[in-house]
Amino acid sequence: MPRPFSELADLCEKLESTTSRKEKIKLISDFLGKFGSEEADEAAAAANLLVGLSSGVRKLGINVGPATLYRALRDQQSVLSPLTPLTISEVWETIEKASSLTGKGVIDTRKALLSNLLNRAGEKERKWLTRILMGEMRHGVSVGILVESLAKYLNMPLEKVKAAEMVLGRLDTLVKNAVKNRLQETRLKLFIPVKPMLAEYAYSPDEIFEKLKPPIYLEPKIDGVRLQVHVGDGMVKVFTRGLKDVTESVPDIVKRVRQALKADSCILDGEGYCVDENGRPTPFQETMRRIGREKNVDEALKELSLRIKFFDIIHLNGEDLWQKPLEERRRSLEEAVAQPLINSLTVADNRDMVQEALETWTSMGYEGLMAKSPKSPYTPGRRGGYWLKMKKALSLDVVVVAAEWGHGRRRGWLSNYHLAVLDDRGGGFTPVGKTFKGLTDDEFRKMTQLLLGIAKSHEEWGVVVEPRIVVEIEFNEVQRSPTYPSGYALRFARIKAIRTDKQPEEVNTLSDIEKIYNSQRNPLGIQSY
DNA sequence: CGTGTCTGCCC
DNA sequence: ATTCTGC
DNA sequence: GCAGAATGGGCAGACACG
């Protein structure tokens, strides 16, 4: 018997109203207990809906974004009492259906499908349906809590369930298997991608040595796209960090992997990037033009060639390696592929070596470095603190020329700032990006007052202000911009300081930006094969 | 057929 | 992606 | 230490619209 969607909505209400982690886990495990083993599919659907669509359950998008959803909501009739109650399966299947449609008129059809769901939902159901579609659940349940709930429900050690989740990568499959009571499978499967291991931030060599014990592995960090390559049965497949299969977009990588391969089967982890005609790595934007391309790949291939450097291996010739220490995996990596496709590695036992490596590598055009513990396992989808990333950062003084009203917890504050530099050619100030990062809540409040005091005009979205407030910005790269008239935009801009001591005339200029852009073309270059 | 909007997915 | 906040 | 919230630039592709 299909379960009513209202049961899920009730669960969400309860989850939202408690902040206790334990309580949430109990609520979810009790909820799972209602499903018989023949209802495993519906339990899996419930899990997908429960953690929300943007939380990484469903890597394929649903092709419904805010615009479509707002239109569907606008079409709402007044609240009618639903004739036939929505079921969990039905909601999930409708979402699947709406997402899989293609062709002329789909946008209207999708909207109609959603309107229908929303119309038949009671008030509570509608609230949660909307949140599901918006991808904003705000009930404090993510994969971690669901995994703990499953452990409680199954009465199994948490570690076992965690291992299963890491390897399966998909929450719905995990729940389905759990409800069918067969959760012993923790072996990797070729051509089923697992979530890549993630890194935490480090801001100094000191911090690296606080968190990791020497010897520490250091690797140069390429500014490209994370790629997981599966090899077996003469087949090669390539997946992105979000587990999207991009094999068809990257025939050049497939070819190079085949050439360098020394093993029958393996799963490799690395970074893909483009090189120009001279073999020099291109800016990240160029790499994206290849990774994102599905049409006319052959044409793009002539212009931009993709390369890959591997830094890890989690499966080799039938054996899973992810629980083995990194030092061992590095040896396996050398057994699996030829040297030119392996990212370089140095071992550091003091802080100076870290600083030196950072400087050398960034001057060569790398994004920064990765510091890793040689003893650490590969923890799919986890940060875990075994890997640290350290990037070079640049900084500039810019002036705030406009600000947008915030939403949610930032309602009532001007929290997103338009940043401009002096246009030393055209005159005045020209925007090079926006930021909402770096200020504390208190500073947002103060900034809001300051900006309202110098407002030139009030718009629906915020205010345009006199260019008076100077902020110091940290960022990682100057990008070419097709949207800003200046032609440039700052990547990952965040506010480091409010410079009350500086005048707007003292901020950096467009020429400064251009200089940085030109200097980013790496002088020494990365060795690419 | 060209342009604009929306979405997903990279970072 | 990056940052801050709250549990 | 984890989860969540708020929101950045930019690319390709699919449709809508004129």
Side-chain angles (χ1 to χ4, degrees), chain A residues 18-22 24 51-56 58-71 99 101-110 135-145 148 198 200-201 203 222-227 240-244 246 249 271-273 283-297 300 367 382-385 389 391 393 404 406-411 413 415-419 432-444 473-484 488-496:
Chain A
T18 176
T19 55
S20 154
R21 201 182 153 89
K22 273 195 172 149
K24 287 184 204 281
V51 298
L53 298 165
S54 72
S55 316
R58 194 153 190 295
K59 289 304 178 179
L60 303 168
I62 56 166
N63 294 317
V64 172
T68 311
L69 184 58
Y70 284 134
R71 275 176 216 146
S99 68
L101 294 168
T102 56
K104 204 164 181 292
V106 278
I107 296 202
D108 282 341
T109 318
R110 273 188 204 130
E136 289 175 353
M137 299 304 284
R138 302 197 201 168
H139 55 17
V141 176
S142 188
V143 182
I145 285 183
E148 286 194 43
L198 305 172
E200 281 174 11
Y201 251 97
Y203 297 93
I222 300 168
D223 185 13
V225 172
R226 188 84 178 266
L227 295 174
T240 61
R241 177 182 159 166
L243 312 188
K244 188 172 139 74
V246 290
S249 302
E271 190 85 0
Y273 58 101
F284 174 74
Q285 283 170 299
E286 299 292 307
T287 302
M288 279 313 293
R289 292 184 49 209
R290 278 295 315 277
I291 295 294
R293 180 168 299 238
E294 289 171 5
K295 310 203 134 201
N296 302 325
V297 173
E367 191 187 16
R382 298 281 139 84
R383 295 199 190 268
K389 61 178 157 185
K391 294 186 184 183
E404 294 173 27
H407 297 95
R409 73 184 300 281
R410 293 189 178 180
R411 181 175 300 278
W413 302 341
S415 68
N416 191 5
Y417 308 116
H418 297 209
L419 311 168
V432 289
K434 298 193 240 180
T435 189
F436 53 93
K437 294 186 282 242
L439 297 190
T440 61
D441 289 1
D442 269 351
E443 289 173 312
F444 276 124
I473 292 291
E474 202 170 80
F475 63 99
N476 290 76
E477 196 194 12
V478 172
Q479 298 179 110
R480 278 236 98 112
S481 172
T483 49
Y484 288 97
Y488 295 102
L490 305 178
R491 181 147 77 130
F492 309 138
R494 59 263 185 192
I495 295 175
K496 271 292 135 175

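Throughout, protein chains are lettered first and strands after them, A, B, ... in sequence-line order, and every chain is numbered starting at 1. Computed from a predicted model, the values in this text were never measured in an experiment.
- A salt bridge is defined here as a Lys NZ or Arg NE, NH1 or NH2 lying under 4.0 Å from an Asp or Glu carboxylate O, and A:K244 with A:E294 meets this definition.
- Using a 4.0 Å heavy-atom criterion, one finds that A:K24 contacts no nucleic acid atom at all.
- A:R138 comes within 4.0 angstrom of sugar-phosphate atoms only, judged by non-hydrogen atoms across all strands, and of no base.
- Residues A:K391 and A:N476 share a closest heavy-atom pair of CD-ND2, 3.5 Å.
- You'll find that the side chain of A:A67 is closest to B:dC6, out of B:dC6, B:dG8, D:dG10.
- At the phosphate of D:dA6, neither OP1 nor OP2 sits under 4.0 Å from any side-chain N or O atom of A:Y417.
- When each of A:K295 and A:R21 is assigned the nucleotide of DNA chain D with its nearest heavy atom, A:R21 is the one assigned upstream, toward the 5' end.
- As judged by a 4.0 angstrom heavy-atom cut-off over every strand, A:K391 is placed among residues touching the sugar-phosphate backbone only.
- With a 6.0 Å cutoff to the six-membered ring centre and a 45° limit on the axis angle, A:R491 counts as a cation-pi contact of A:F284.
- Atoms CH2 (A:W413) and C1' (D:dA5) sit 11 Å apart, rounded to a whole Å.
- Taking only side-chain nitrogens and oxygens, A:N416 comes nearer than 4.0 Å to OP1 or OP2 of D:dG8.
- Salt-bridge annotation for A:D441 and A:R409: present, with a side-chain N of the basic residue lying under 4.0 Å from a carboxylate O of the acidic one.
- Phosphate proximity of D:dT7 to A:H407: present, with a side-chain N or O under 4.0 Å from OP1 or OP2.
- Set against D:dA12, B:dC10, D:dC15, the side chain of A:R293 has D:dA12 as its closest nucleotide.
- An OP1 or OP2 oxygen of D:dC11 is reached within less than 4.0 angstrom by a side-chain nitrogen or oxygen of A:Q285.
- Separating the C1' atom of D:dT7 from that of B:dC11 is a span of 14 Å, rounded to the nearest Å.
- At a threshold of 4.0 angstrom between heavy atoms, the contacts of A:Y488 with the nucleic acid are absent.
- With B:dC11, D:dG4, C:dT3 as the candidates, the nucleotide lying closest to the side chain of A:F284 is B:dC11.
- Backbone-only contact: A:R71 has heavy atoms under 4.0 Å from sugar-phosphate atoms and none from a base.
- The A:T440 side chain lies nearest to C:dC4 when the options are D:dG9, C:dC4, B:dC10.
- Backbone-only engagement by A:T68 is indicated by non-hydrogen atom pairs under 4.0 Å involving sugar-phosphate atoms exclusively.
- In this structure, the nucleotide among D:dG9, D:dC15, D:dG10 sitting nearest to the side chain of A:T102 is D:dC15.
- With B:dC11, C:dT3, D:dG13 as the choices, the nucleotide that has an atom nearest any side-chain atom of A:K496 turns out to be C:dT3.
- Among the protein residues, A:T19 comes within range of the sugar-phosphate backbone only, with heavy atoms under 4.0 Å from sugar or phosphate atoms but none that close to a base.
- Each of D:dG10, D:dC15, C:dG6 was ranked by its minimum atom distance to the side chain of A:R409; first place goes to C:dG6.
- When heavy atoms are screened at a 4.0 angstrom cut-off, A:I107 is found touching the sugar-phosphate backbone but no base atom.
- Counting non-hydrogen atoms under 4.0 angstrom, A:G406 reaches the backbone sugars and phosphates but no base.
- If you check every strand for non-hydrogen atoms under 4.0 Å, A:I495 touches nothing.
- Using a 4.0 Å heavy-atom distance criterion, A:T287 is classed as making no nucleic acid contact.
- Residue A:D441 has its side chain nearest to C:dT5 when only D:dT7, C:dT5, B:dC11 are considered.
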